[in-house]
Each structure stands twice: as C-alpha cells, then as structure tokens.
Student: 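What follows is a single structure, and I will ask about it in a moment.
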There are 2 protein chains.
Amino acid sequence: MRANGPLDAETILSATEDVLRRYGPAKATVVDVGKELGVSHAAVYKHFPSKAALRDAVSRRWLNRDRDALAAIASDTEIPPPRRLRSWLVALLAAKRAKAHDEPELFAAYQLLVTGNSAAAIDHVADLLGQLEAVLADGMADGSFRRADPAETARAVFTATTRFHHPGLAGSWTQPGIEHELDVVCALLLDGLR
Amino acid sequence: MRANGPLDAETILSATEDVLRRYGPAKATVVDVGKELGVSHAAVYKHFPSKAALRDAVSRRWLNRDRDALAAIASDTEIPPPRRLRSWLVALLAAKRAKAHDEPELFAAYQLLVTGNSAAAIDHVADLLGQLEAVLADGMADGSFRRADPAETARAVFTATTRFHHPGLAGSWTQPGIEHELDVVCALLLDGLR
DNA sequence: ACGGTTACAGATTTCAGATTTTGTATTCTG
DNA sequence: CAGAATACAAAATCTGAAATCTGTAACCGT
C-alpha cells in the first residue's frame, strides 16, 4: 500500500525490492510492484522507462548499501597497505557471501544483471576496482608495494580473486576451506606485489 | 549406423559424441544414440547404467583428448619452471577457449557436468592440479620458486587463474584484452612464487 | 548364455491455446 | 496541467493434455 503523497522513485525502489524479496526475480512483475504501492503498473512507468531499468536501479541501491564499509577499509590509512589489502579482500568475500546467503532473491537478481552486462554491474566493478587501486597506490607510495601501474595491478588482483567475488561462482562460497583458500591466494599475491 | 560386430562401450561413446555435437546436450537423447548406432536404446543401457554416466564418460574422453599436450609442457624439464608455468597457463587458456569455440555443444555438456559436480569434472581438475603441482615442485627443487607446500600452492595458482579456465566464465574468454590480462596475473603470481 | 529386442511404467518434455505481462496511448480527475 | 487510471497491442509466460524419454524387465534368436 502506498504511504501517501505523490509517488516518487525512491518509494518505487523500496516496493520493488520488497516484491523481489518476496517472489524472486523470476516471478516478480511490475504489476506486483504497482499492487504493492496501491497504484496501477502504468504509474511505475512514469518513473522508470522499463522493467530492466527498474531492476537495474534496485540492484544499484542494494549494492551500494554495504559499499561504504568496504570503502572505509580501503581508505583507512591507519592500516599499512598490505594488511589493508588483505582485510579488504576478506571483507569483500564476507560481504558477498552474506548477501548471497541472507538475501538470495536479490542476489539472484544481481546475478541476472551480471550475465546481462548491465550498467549497474559494470559500475559496481568499476567502483571496487577504484577502491583496490587506491590501496595499491598507497602501498606503492610508501614503498610497501613495488611500483607499477596501479590500475592494471588492481585489475590483476581483482581477476586473481575472481573465485571469491564473482556472483556466478557463489555456489562454492559455502564450501568449508574457502577462507583458508583466500588466505593462501592473498599471501601469494602480497608476495608478488613485493 | 552400426559398423558391425558386437556393440562396445567405445563405439557407443563415439556415437554419443556425434549426437551431442549434432543436437547439443539439451536435445540429445539416449534414443538418438541408439538410432545413430542402428540399435535400440535399451542396448545402450547394457553398457552404461544411466544417461548421466554416459555423458560423464563422453566428457571424460573429450577432456582427455588434449590432456597430453598440456602434460607435455608440464613435464618438459628443458624449460625452466617459471617459464614453464607461464606456458602451461597460456596453453590451458588456449585449449579451453578452442574447445569452447570449436565444439560449443560438447563444451556445454561439460559445463553441465561441472555445475552438477560430476566425477569427470572433479577428476579433470585433480589432473590439472597434479600437473601444476609437478611444475611447482620442480621449481622449488631447483630454487627458482620459494619452498612451500606444492599441493597447496598449486591450488592457489589454479584458483587465482579461475577466470581463465572455469567453464562458467567462458562467456568472457572472447573479450580482447584477455591474453594480456593473463600475462599480468601470471607476472604477479610468478613474482609471488619468488 | 550372449547380444540384443520389445514392452512398459513413471518422469519429463513438448506444444498449442489461454492468460499474463510489458510498454504505450489515450482518458480521467482534482 | 500534473499525476494517475484505463485501454490496448504485442510479447512472454503459463497450463494441461499428448508425446517422448528414461530406465527396467521380460523376452527372442543364434
């Protein structure tokens, strides 16, 4: 049911998120979203040009929700860059795994975006790469990492940890040894960075 | 059509491979395999307990087909271990990509096995890990790699290159920069190995 | 008995027709 | 006129009956 006042994008996003959580991305329709808001589905189209755009916007908001915790680690100059990199990667895995486990339907919606090369997914990766690059740049500046192209190196580190953050591989995030596996890969990468 | 003489497992595998190539894993049926052999589908069940077992056996044979080329690199003691590791990883990507491109239906069948945790897929990975471990052990023996648990290190290297060999990520193997990306990751890993 | 066929039950897939859903255009209401 | 409802066409999805497929058992012919 609609709260009151005129309909705005943010309200629609929340309703869509609820509907998505309830029915999952395969079943949720924009008619459902309208029903949730006590409004016709056409009203939703006044604010979003298509269902795809709506899903994209929901996922973008959802992804940004724990973005800040990660960004906080990346920019915490108290921690020396090597440990910071490790913490960041561990936190990334933890965050992704928590999302996959606690909100399976929204995670499934996100997976669809990734396989569909949607803008939200691309932007999300770009954001993470940016954070990674900052940590690497800090380390190169203070001498704890060998000098190299920070952007390229960030991409390499991100790629080398694909197994721990790519949503298509989420199925194996529950297997027991994974924390240790990340540890070993981290160690290898940190040694490689200097 | 059946060649002649009694039906044997190898003949069935070849027929199944043809059928799979023609119809793809989604459409291919055991009845098709029988037709291909000029035999009833029940005859096939005399040699394989289930359709799953049949698919498993076909994929196993298909995967083993270019296993030897890779094994040859892994055990070529002429090449110093660091360069050997790099060559092996490059060859692995090339082989996987060629299979995905040239035999999409058989590759799709293999993808299904992987997502279903089939024995063929598990054994295939174990085989590759063994080859990797051998290269690493050689390098540790001759001092070009830091000493460490070779099995664990092999798994870490394999994990760090997931993006380049996991069939679930095959969709992105055609994107232009990938060779270079592997190069950068390789460099990072080689530095990490010492 | 060996190497295969035919027969069959239950699960799965197919396909056409009915229903929903998406997205747009027009209409209504305050 | 702004904000939303209704109406509607084309596309996608659902449904359920018919067909096919899987796996087993009982049955030939040599």
Side-chain angles (χ1 to χ4, degrees), chain A residues 1-59 105 108-109 111-113 115-116 118-120, chain B residues 1-59 105 108-109 111-113 115-116 118-120:
Chain A
M1 287 302 142
R2 170 147 52 142
N4 58 6
L7 198 55
D8 70 330
E10 207 59 25
T11 306
I12 293 176
L13 287 182
S14 296
T16 305
E17 197 174 307
D18 286 351
V19 168
L20 231 31
R21 222 187 293 276
R22 198 161 337 121
Y23 303 131
K27 294 287 184 184
T29 74
V30 354
V31 172
D32 291 330
V33 174
K35 240 182 293 200
E36 174 77 11
L37 290 163
V39 121
S40 77
H41 78 278
V44 173
Y45 281 96
K46 299 287 180 199
H47 295 265
F48 294 93
S50 69
K51 186 185 186 178
L54 183 55
R55 269 190 295 157
D56 206 84
V58 169
S59 287
E105 288 83 6
Q111 282 179 311
L112 290 178
L113 291 197
T115 61
S118 110
Chain B
M1 288 302 143
R2 170 152 48 146
N4 60 4
L7 197 56
D8 69 332
E10 207 59 25
T11 308
I12 294 175
L13 287 182
S14 296
T16 306
E17 197 174 307
D18 286 352
V19 167
L20 231 31
R21 222 186 292 276
R22 199 163 337 124
Y23 303 130
K27 292 287 185 186
T29 75
V30 179
V31 173
D32 291 330
V33 174
K35 239 181 292 196
E36 173 78 11
L37 291 162
V39 122
S40 78
H41 79 279
V44 173
Y45 280 96
K46 300 287 181 194
H47 295 266
F48 293 93
S50 69
K51 185 184 188 180
L54 183 55
R55 268 189 296 157
D56 205 83
V58 168
S59 288
E105 288 85 4
Q111 283 179 311
L112 290 178
L113 291 197
T115 60
S118 111

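Basis for what follows: all heavy atoms, side chains included, without hydrogens, waters or symmetry-related copies. So that the names make sense, note that chain A is the first sequence line, chain B the second, and so on, each numbered from 1.
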Student: As a quick check of understanding, evaluate side-chain contact (heavy atoms from CB on, under 4.5 Å) for B:Arg22 and B:Asp32, giving each step before the final call.
Tutor: CA-CA 10 Å; B:Arg22 199 163 337 124; B:Asp32 291 330; over 6 Å; no

Student: Over how many whole Å does the gap from A:Phe48 atom CZ to C:dT24 atom P extend?
Tutor: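 My rounded result for the distance is 15 Å.
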
Student: Taking atom P of C:dG4 as reference, at what distance in whole Å does atom CG of B:Leu7 sit?
Tutor: 5 Å

Student: Can you tell me which nucleotide in C:dG4, C:dT22, D:dT22 comes closest to the side chain of B:Val39?
Tutor: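 That would be C:dG4.
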
Student: Between A:Lys27 and A:Ala43, just flag the one whose closest nucleotide in DNA chain D comes earlier from the 5' side.
Tutor: A:Ala43

Student: How close or far is atom P of D:dG3 from atom CG of A:Leu37, stated in whole angstroms?
Tutor: 16 Å

Student: In this structure, how many angstroms lie between the C1' atom of C:dT21 and the CZ atom of A:Arg55, rounded?
Tutor: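 So the two atoms are 13 Å apart, to the nearest Å.
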
Student: Distance check needed: D:dT22 P versus B:Lys35 NZ, whole Å only.
Tutor: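 Going from B:Lys35 (NZ) to D:dT22 (P), I get 11 Å.
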
Student: When the distance from NZ of B:Lys51 to C1' of D:dG23 is rounded to whole Å, what number comes out?
Tutor: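 Nearest whole value for this atom pair: 12 Å.
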
Student: Map A:Asp32 and A:Ala42 onto DNA chain C by nearest heavy atom, then report which one ends up closer to the 5' terminus.
Tutor: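 Checking each residue's closest nucleotide, the 5'-ward one belongs to A:Asp32.
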
Student: Regarding B:Thr29, tell me which of base, sugar-phosphate or nothing describes its non-hydrogen contacts under 4.0 Å with the strands shown.
Tutor: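 The residue B:Thr29 makes sugar-phosphate contact but no base contact.
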
Student: Among the nucleotides D:dT6, C:dT22, D:dA5, which one has an atom lying closest to any side-chain atom of A:Lys46?
Tutor: D:dA5

Student: Let me know the distance between OH of B:Tyr23 and C1' of C:dT13, rounded to the nearest Å.
Tutor: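 Nearest whole value for this atom pair: 16 Å.
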
Student: Testing B:Thr11, B:Leu37, B:Leu54 one by one against B:Thr16 for a side chain to side chain contact (heavy atoms under 4.5 Å, CB included), which residue passes?
Tutor: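 Looking at B:Thr11, B:Leu37, B:Leu54, the match for B:Thr16 under the side chain to side chain contact (heavy atoms under 4.5 Å, CB included) is B:Leu54.
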
Student: Quick check: do A:Val30 and A:Tyr45 have side-chain heavy atoms less than 4.5 Å from each other?
Tutor: yes

Student: Hey, does B:His41 have a side-chain heavy atom less than 4.5 Å from the side chain of B:Val31?
Tutor: yes

Student: Measure the distance from NE2 on B:His41 to P on C:dT5 and round it to the nearest whole Å.
Tutor: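 Answer to the nearest Å: 11 Å.
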
